[in-house]
Structure formats: structure tokens, C-alpha cells
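Throughout, protein chains are lettered first and strands after them, A, B, ... in sequence-line order, and every chain is numbered starting at 1.
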Protein chains: 2
Amino acid sequence: MSRLYNQYCPVARVLDVVGERWALLIVRELLLGPRRFTDLAEGLPGIGTSVLTTRLKQLEQSGLVRRRILPAPAASVVYELTEEAVGLAGILVAMARWGMSLLGPRGQDDQVNGRWLVLALAVTAPDARPVPAGTYELRIDDEVLNIRALDGHLQPSQGPGPDPAATITMSGDTLAAIASGSLDLPSSQADELIAIDGDAAGARRLLESLHH
Amino acid sequence: MSRLYNQYCPVARVLDVVGERWALLIVRELLLGPRRFTDLAEGLPGIGTSVLTTRLKQLEQSGLVRRRILPAPAASVVYELTEEAVGLAGILVAMARWGMSLLGPRGQDDQVNGRWLVLALAVTAPDARPVPAGTYELRIDDEVLNIRALDGHLQPSQGPGPDPAATITMSGDTLAAIASGSLDLPSSQADELIAIDGDAAGARRLLESLHH
DNA sequence: CTGCATCCGCTTCGATACTG
DNA sequence: CAGTATCGAAGCGGATGCAG
């Protein structure tokens with residue numbers, strides 16, 4: 001078991017469960033949908049597989065993560081959040097919102113990942129101009145994600161979007177550049193780096209909300 | 001510097017700054033007002049003074065905590081949250097809300113502290129029946145705290161309340177018993193353990209919201 | 001190939017003792 | 001009171017090994 005604070009305090013109890021290194025980032029990875037062990041390891045550079053194993057076991061024991069074996073023919077193991085863990089989303093959202101102010105310019109050795117920034121996008125968008133309702137599919141570095149927009153609220157998840165209003169293709173580097181503000185969105189440079197198929201206006205509105 | 005994740009992700013950036021052990025609990029302690037080094041150490045059982053020193057330096061360097069020397073005649077050192085850190089309150093609130101479901105019955109060796117539960121009180125109250133507006137002073141184990149209620153929102157802070165509508169005196173154990181549900185509030189047993197001076201109805205309403 | 005377990009060098013933590 | 005010094009124990013990161 002992890003080292004406990006032994007405090008009768010709700011905040012301390014949360015930290016008992018997800019306060020150790022990597023734990024909340026694992027939850028972040030699973031927020032967009034189930035993932036396999038190696039996918040998680042890849043999305044968490046530097047974690048070390050033994051720590052990942054330990055954390056997954058701890059999270060499973062805490063009832064936050066479920067280990068599930070996909071039905072044939074896949075037959076592989078995936079990890080997914082339980083219903084208990086959906087409450088954690090509120091914490092992640094609060095962290096992501098405040099963290100946007102800490103993001104600053106992209107550091108020398110900062111890794112970039114499409115799912116991280118899609119999450120950031122979904123969290124910051126409600127503060128910006130509303131995005132037209134619909135599903136937007138994002139293809140970022142060979143990863144396919146989607147965001148469902150409904151009355152100002154944005155729900156991100158992994159996989160192709162069902163009946164997308166627009167499909168946006170770009171690199172993670174480009175998305176990071178938008179987030180950092182180093183790439184202006186209404187620019188010819190941006191048009192070269194971003195391919196939009198479908199509702200271009202809505203897609204632009206979505207991306208604009210990442211940096212405002 | 002602390003070990004960084006090196007991810008261009010708002011959540012990871014937050015964890016870079018407050019993700020290490022004890023960091024968020026230090027912020028929790030400071031949420032109710034400035035505190036001295038030894039007060040912090042006392043409110044964080046098991047921390048070890050060298051870790052506390054390290055964390056305070058890191059938080060100061062991150063611009064979240066300010067080290068201030070009180071004017072004469074006190075002339076002692078206090079630590080307080082900066083304006084940057086107020087955004088952290090949203091994270092703590094999200095954690096406290098979700099953490100209430102993890103709280104459960106009080107464990108064998110769970111420490112109890114008035115400020116922790118006052119924080120819990122302030123966070124859960126908006127979900128319950130509204131508390132009449134006004135300031136409520138809480139005296140818990142020789143610690144004096146207060147909660148300002150205004151249209152459903154509760155703002156806790158340390159020290160005596162200005163012009164309190166009611167003064168509530170009780171032990172931390174009693175407050176924990178209410179939170180855990182092991183002590184029913186409208187009961188003769190509770191009346192013996194809780195002393196209310198002033199607006200008893202409002203005070204009861206406040207305490208009721210801790211367990212609903 | 002995936003999903004770990006094991007080992008090792010290093011860092012961090014917890015606890016206590018000590019100092020201006 | 002406000003820390004610094006110290007030291008054993010625990011945890012982490014990286015590499016490697018290996019079974020299904």
C-alpha cells in the first residue's frame with residue numbers, strides 16, 4: 001500500500017489515493033478512454049514499467065481503475081476508469097484550467113501529445129467564444145481523437161468521431177504552437193499546417209478557444 | 001528543483017509545482033490564512049522539518065507562497081499564499097468535494113484537526129440546505145476559526161469572526177464524528193458535546209451540511 | 001509482442017538531533 | 001522559534017529478462 005497521511009481530511013484522502021507520482025497522469029491518460037499497458041507507458045515518458053504496474057494495481061485496489069480483457073479476437077488487456085473515478089474528472093479539470101496559466105512557452109525538452117492538448121482544449125473552450133454544436137474529429141500525429149460540442153460544453157474522447165462536422169488534421173507540434181500562442185490562427189502559416197475537412201468555420205472556432 | 005515531468009500539458013505543469021508529497025497539504029493549511037513554520041509543522045504530522053523547509057522554498061520559488069516577517073513587536077516569520085495561488089483553491093475545493101466520498105468512518109490512527117474539517121464544511125455546504133447569511137465562529141480544540149456565509153457560499157478563514165451571528169464550541173473529535181455520521185446532530189448526545197452561543201438555528205444548519 | 005518482475009544506482013522521505 | 005544536519009529506509013528511473 002502507498003504511504004498514507006492518516007489525516008481525517010477529504011483532501012488528504014484524495015492524495016492518499018492519487019497523490020503519488022504519476023497517479024493523476026495515469027488518470028488523465030484514461031480520461032479519453034480505455035488504454036493498454038504499453039499505450040500508457042508510451043504516453044507517460046519516463047515512468048518505468050514497474051512504477052506503472054504498481055500504480056495500476058493501487059488504482060485498481062482503490063476502485064478507480066478496472067482491468068478488463070477485450071473480447072476476442074483482440075483478447076488484449078485494457079485499463080479503464082470506473083464509475084467511481086468519474087468524480088476525478090472534476091479535479092483534473094480544475095487542475096487543467098489553472099495549469100493553463102502555468103503552461104507558458106513550450107520548453108526545450110517538453111514532450112507533446114495530442115491527447116494532452118485536446119484535454120486542454122476541452123477545458124479552456126467554455127471560457128472562450130462558444131463553439132458550434134457538433135462533433136469534431138482531430139487527427140494528431142497518427143492519433144485519432146474527437147470532441148463533442150454541445151451548448152458550450154466540450155466532451156473529448158479517443159477514437160474517430162461519429163458523424164463529424166469537421167475533421168482537423170495537424171501535428172502535435174502545431175497544436176502546441178497554437179496553445180503557446182507562438183502560432184497565430186488566422187494566418188497563412190497556420191493554413192499550411194492545418195488541414196480542415198468539413199465545417200471550417202466551426203473547426204477554427206474550436207482551435208481558437210485554445211489560446212485566447 | 002523538483003523532478004519535472006517535462007510534458008507540455010497543463011495538468012503536468014500543475015503537478016510539477018504542487019505534485020510532490022505534502023505540497024498540496026501545505027497549501028491547504030495556508031488556505032485559511034498565514035501560518036508560522038512551527039504551526040505548519042504541527043498541522044502536518046509526520047512531515048519532518050527539512051521536507052517542510054524544502055517545500056516552502058519550492059512553493060516560494062514558484063510564486064505561490066510568500067515568506068513575510070511580521071512587523072514589530074511580533075517580528076516572527078509567517079508564510080502566506082500569494083495572489084497567484086488563489087487559483088489553487090479551485091483545485092483544493094474539487095479535491096475536497098470528491099474526497100468527502102472517500103472519507104468514510106474515522107480510521108484508528110487518523111489525526112483530526114479543526115481546520116481540515118472546517119474546510120470540508122465550507123465545501124460541502126453549498127450542496128445542502130442553505131445556511132443563513134452571517135459569520136459563524138468556531139472554537140475547536142483551542143483553535144478559533146470562522147465561516148462567512150453569503151447566499152449559499154461559505155468562506156472559511158482563521159481567527160475570530162467579525163461580529164459573529166453564533167459561536168460554536170466543540171472538540172475536533174466531535175466535529176469528526178458529525179462528518180463521519182457517527183454522531184447524529186439533532187440528539188441529546190450532540191447537545192452535550194456542542195455549545196452554541198447566539199443564533200442556534202443557523203449554527204445547527206451549518207453543522208448539518210457537513211453530513212447530508 | 002505485450003505485460004509485467006527483477007535488479008541496481010540514485011533521489012527523496014521520515015525522524016530525530018542539533019544550532020543561532 | 002525557525003530552521004539545518006544527518007542517516008537509515010523507502011521510492012523512483014532505467015535497463016534487462018522472461019513468460020504467455
How many Å lie between [atom1] on [X] and [atom2] on [N], as a whole number?
| X | N | atom1 | atom2 | result |
| --- | --- | --- | --- | --- |
| B:I47 | D:dG3 | CD1 | P | 13 Å |
| B:L44 | C:dG14 | CG | C1' | 14 Å |
| B:L56 | D:dT4 | CG | P | 10 Å |
| A:L4 | C:dC13 | CG | C1' | 15 Å |
| A:Q58 | D:dC12 | CD | P | 8 Å |
| B:E42 | D:dC1 | CD | P | 9 Å |
| A:F37 | D:dC18 | CZ | P | 18 Å |
| B:E20 | D:dG11 | CD | P | 16 Å |

Using the side-chain heavy atoms of [X], tell me which of these nucleotides is nearest: [options].
| X | options | result |
| --- | --- | --- |
| A:R3 | C:dG14, C:dG3, D:dA2 | C:dG14 |
| A:W22 | C:dG3, D:dG13, D:dT4 | D:dG13 |
| A:S76 | C:dG3, C:dC13, D:dG11 | C:dG3 |
| A:T53 | C:dG14, C:dC4, D:dG3 | C:dC4 |

Using the side-chain contact (heavy atoms from CB on, under 4.5 Å) definition, which of the options B:L32, B:V27, B:L64 pairs with B:L81?
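Output: one option passes, namely B:V27.
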Looking at every strand, decide which applies to A:L52 at a 4.0 Å heavy-atom threshold: base, sugar-phosphate, or nothing.
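No contact at all - A:L52 keeps every heavy atom at 4.0 Å or more from the nucleic acid.
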Heavy atoms under 4.0 Å, any strand shown: does A:S50 hit a base, just sugar-phosphate, or nothing?
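The answer is base, as A:S50 lies within the cut-off (heavy atoms under 4.0 Å) of a base atom.
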Side-chain N or O of [X] less than 4.0 angstrom from OP1 or OP2 on [N]?
| X | N | result |
| --- | --- | --- |
| A:R67 | C:dC4 | yes |
| B:R21 | C:dG14 | yes |
| A:Y5 | C:dG14 | no |
| B:R36 | D:dG3 | no |
| A:K57 | C:dA5 | yes |

Can you tell me how the ring of B:Y5 sits relative to the ring of A:W22, calling it parallel under 30°, perpendicular over 60° and tilted otherwise?
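Perpendicular.
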Ion pair present between B:D39 and B:R115, side-chain N to carboxylate O less than 4.0 angstrom?
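No, no charged N to carboxylate O under 4.0 Å.
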When you measure from the side chain of A:R13 to the backbone of B:L103, do you find a donor-acceptor pair of N or O atoms at a distance under 3.5 Å?
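Answer holds: yes.
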Judged by atom type as modelled, is there a donor-acceptor pair below 3.5 Å linking the side chain of A:D141 to the main-chain atoms of A:G172?
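Yes, A:D141 side chain to A:G172 backbone: donor-acceptor pair under 3.5 Å.
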Show your reasoning for whether side-chain contact (heavy atoms from CB on, under 4.5 Å) applies to A:E137 and A:V144.
CA-CA 7 Å; A:E137 185 172 301; A:V144 181; 3.9 Å; yes
Which is more 5' along DNA chain C, the nucleotide nearest B:S2 or the one nearest A:Y79? Just name the residue.
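Looking at DNA chain C, the more 5' nearest nucleotide goes with A:Y79.
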When only distance counts, do a donor and an acceptor, one from the side chain of B:T54 and one from the base of C:dT12, lie under 3.5 Å apart?
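There is none.
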Under the 3.5 Å rule, do the base of C:dA5 and the side chain of A:T49 count as making a donor-acceptor pair?
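Between C:dA5 and A:T49, which were checked side chain against base, a qualifying N/O pair under 3.5 Å is present.
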